[in-house]
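Proteins come first, then strands; the chains are lettered A, B, ... in the order of their sequence lines, and each starts at number 1.
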Amino acid sequence: MRQSLKYIIFLVGIASIFACEEVIDLDINQAPPQLVIDGLVSNDDTTHYVRVTRTADFYGNGGEDVTDAIVQVSDEIGNLYNYTHNPEGYDSLNGYYFSDQKFAGRTSGVYELNVDVDNQIFFAIDTLRPITPIDSLLIQVDPKAEADPESEGEIYQVLLYAQEPQETVDFYYFKFYRDSLLDGRDNIYVFDDKILGSTLNGLPSPILFKEGELASVEIYSLTRVQFVYLTDLGALMNGDGGMFSPPPANPRTNISGGALGLFQVSGISRGAILIVP
Amino acid sequence: MRDGNTGEDLIGVAIYFPVLKSGVVTNVYGFYSITLPAENYSVQYSYIGYASQTIEINLHNDIKKDLELNSEAETMSEIVILGEAQDSNVTGLEISTERVDLQQLKKMPSVFGEPDLIKAVQMMPGVITAGEGTSSYFVRGGSADQNLILIDEAPIYDPSHLFGYISVFNADVVKDSKLYKGGIPSAYGGRLSSILDVRTIDGNKKRFAGHAGIGTLASKIMLEGPFKKDVGSYMVSARRSYADLFLKIAGNENSVFFYDVNAKVNFNLGPKDKIYAAGYFGRDAFSLGGQFAFDWGNATGTLRWNHLFNNKLFSNTTFIASQFDYGLELSDDALGFRWTSFINEYSIKQRFTWFVTPEIELDFGYNGIYRIFKPGKITSNAASSIFTDVELQQLQALDHALFLSNKHTITNKLSLEYGVRLSIFQQIGPSTVYSYADPKDNVNITITNTQEYEKMDPIKTYINWEPRLSGRYLLNDKSSVKLSYNRMVQNIHLISSGTVPLPFNTWYPSSTYLEPQIADQIAIGYFRNFKENMFQGSVEGFYKWLKNITDFADNADIFFNEHIATEFRQGDSWAYGLEGQLKKVRGDFTGFINYTWSKVERLIPDVNQGEAFFANYDRRHAFNVLGAYELSDKWSFSTTFTYSTGRPITLPTGQYNLQHYTPSLITERNGYKLPAYHRMDVSAVLTPRKNNDRHIQTSWVFSIYNLYNRKNTFTIYSQDQEVDDIKTGSKEFVMIYLFPIVPSVTFNMHF
């Protein structure tokens, strides 16, 4: 909800009746490239990925892929997983490293990432928090959208039902898919359980669906550090340049050594429903 | 001293004895006192905008001379230019102080044709604005929360209506308004950078009068009159906007409106006592699409008693109550909530002014404030809401100040005002106070101790001395040099991490993890008048050192954070600058031109990698011009032009891929300057059939805001580029600008 508060603040500040917008070109000094590490270890039994790239100029198109890093993930019971860069050699997977073997992240397991780029070591450590399963999904028509839809037929909202353990401190990250494609907006839906009640009692999806589409939801469990990162990332991507909202800043990460990015360690719950009125 | 027409007490009238080459000035209650050897004297009374008077008196006993001055505008044809009239720019002891010329204010062009006090303040030298659409201003390297705004001694926490398009001050009821940027007398305190002291009119003591205005934005009405002629009077005024009514008629679900009411009564209880009661109430409400609503408002009340112990000892006792609150509401079946926040202030001020001898005037007293901070409460307003209620704990504080100062006329040429203010601040219970293992760790917050405090238990006490000094040396009767030093202490902090405070930013008291902010300022100036005080010029330089400036960690979570103490980062700031201004105060053509060069930086631990950065309100050049021309009895014109360097902004210096997002890379705080801001406004006032005998007088004000339609950048943000709703993978910058050219018409009626 703190998320929606921030959007509201932006809206209030900017959506005055007289605000006008215009795209402009700016000539700004660009910073030298910095390292970005983006990795995920989940409870799925699969080969997990770590992506290593560098930053690019603002007007550029994605940064350089780092193909010669040494990547390893280990856990607290002595397992060590080596990662190999782009084992199948696909052009689109340059910069991606995959674990040599499949493994499933254990609930409450502590996972450690080590990345060596030109003898500089970057390190992250985090815990896989338990994830609550989705009880059910229901469909309901959003009356406001029915009256004035943003897109033809996009009037169905999906309601999510799940239990939320009240005794532990938990953080959640929601992703919504339309026909297996991730919803493309920059909103990041993260919640901490202080705001949520004891059950997710019909949490409405933030996006609307059309009849015949397959609506799917993923809930990721997060630690506090990962929750802070994703909250900061959402603020960075939705800010107003520091007029009313805080000045933009890089998200606080669990990776030490000076790299950007996040080592995400999560349990995942999934659910899907076909939109049939 | 009173206005001949309305009986209003006049503030700052100069009473001058040419033979002695000395005099006094009336205080904020129109009162003055002077002790002289028994003789016959010629006394001059002068005040800007009023015809000066010279009278002869025989001083053999104590006498009480109440006088009435007549507004200059009515006696224009009889003006005799006197040698030493209206030279307070040079001879006055005040340095770094600007007074708003109210006659000029009413002719100044403005948005929607409503003359605005804060807009006039924003055009003064040494004052920087954040841009349009805000009532914030920054004085000599100070942030927006470092300005104390008083209406009849009561504090106004947010002076904006309609998000700052206009301010809470109704120009019809303002009698006097002074901005102290430096050389602040010890009777004032509580903020680091400025005091805006606004006094409202008491109400016509001679006859019933009024004023009504109908404009494109809002309408207003003001009524004033005596209870009993020359004994007591009242004033009441109200303003309301009606954009919401138009929107409703048009079937639009959005709504925006404000209203405000000023009311005052005063009585003479006898020759030695006067009492006043005044109040201000105002509210703003904004709703978007029937789903989202937002409202805020100030309410103040003051009760004052002036007492004359004898001819030399004047006392003012004031009781003040003030509240600022805001509310935010989202209507939604699952996500609905209401968020409210309050700050309440109750205070007592006791001030004595003792005219000991003609050379020594002592000013001393006590100011005690009790504040209640309710930083925030969220309740869900939907039956099946998924959210639980949250409330931040209420905080309380006591803020005491004792002050003493002396206005000392040392020689004919040298006068000093020196004094001190003692600030004693206490955060008090009931409260739950946390201790943290690392008070700066805002990711893993570790509480080492929780302490409970009962009602009125002191939690943390801060004691600070604030020395004040200003001096004026007359080089000759046309020019002077002035110097000042002051230390100001600010015990309450506005939690706002953007450049411009939103109405829903919250105030917090100093506490265990938040120290009072302190500012030291020195200023020196040269003041010169030309052509019998028709032109007034000055050049002033200042340097300000600030410590314990309250700033926030990167990505600070400042809303609804019980552990907000982990987000505070207090550091240093320093500012310096040079201001020059020239005013023409008489004649058919009047106006001013001013220029300010200033620079302000901050150094805050953990922010910008521990390196100094430009403050959000650092704008190198500011240039303002006002010209007003009285063509005839019917027509007058005015124009304003303002220019300032763009404010600094934090912009990306790269981008990268993370999961499916393309975030921006930030490497430097405030490394880029927005384009310069400049704008010209014009207005014309038509006063048809100006006839002194008729009791009703009408006028029309035609205004154009932003004459050449400049797209002034409000802010710039970055976003992913999209073509036909599909992201291209590239990023782009978007500029937001507010007002295009805005014409308006206002109709006014005086009766």
Once the angle between the rings of B:Trp296 and B:Phe294 is folded into 0 to 90°, is it parallel (under 30°), tilted (30 to 60°) or perpendicular (over 60°)? tilted

Just checking, is any N or O donor in the side chain of B:Thr653 or B:Thr667 under 3.5 Å from an acceptor N or O on the other one? yes

Toward chain A, the part of B:Phe733 with a non-hydrogen atom under 4.5 Å: both

A:Asp25, A:Val228, A:Thr53, A:Val36: which one forms the most heavy-atom pairs within less than 4.5 Å of chain B? A:Val36

Main chain of A:Ile207, side chain of A:Ser205: is a donor-acceptor contact present, judged purely on distance under 3.5 Å? yes

Residue selection (most heavy-atom pairs with chain B, distance under 4.5 Å) from A:Leu236, A:Asp232, A:Ile37, A:Leu233: A:Asp232

Looking just at side-chain N and O atoms, do A:Gln157 and A:Asp142 make a donor-acceptor pair shorter than 3.5 Å? no

Among A:Leu260, A:Val225, A:Ile24, which residue has the highest count of heavy-atom pairs closer than 4.5 Å to chain B? A:Ile24

If one checks every heavy atom of A:Pro33 against chain B at 4.5 Å, the contacting part turns out to be neither

Heavy-atom pair of closest approach, residues A:Gln264 and A:Tyr220: NE2-CD2, 3.5 Å

Highest number of heavy-atom pairs under 4.5 Å with chain A among B:Val443, B:Asn555, B:Asn670, B:Asp554 belongs to B:Asn555

Pairing donors with acceptors under 3.5 angstrom, does anything connect the side chains of A:Tyr49 and A:Asp38? yes

Cut-off 4.5 Å, heavy atoms of chain A, and the answer for B:Ile445 is side chain

A:Gln163 side chain to A:Thr132 side chain, donor-acceptor N/O pair below 3.5 angstrom: no

Where on A:Asn29 is there a heavy atom nearer than 4.5 Å to chain B: the side chain, the backbone, both, or neither? backbone

Measure distances from B:Asn442 to the heavy atoms of chain A and classify the residue's part below 4.5 Å as side chain, backbone, both or neither. both

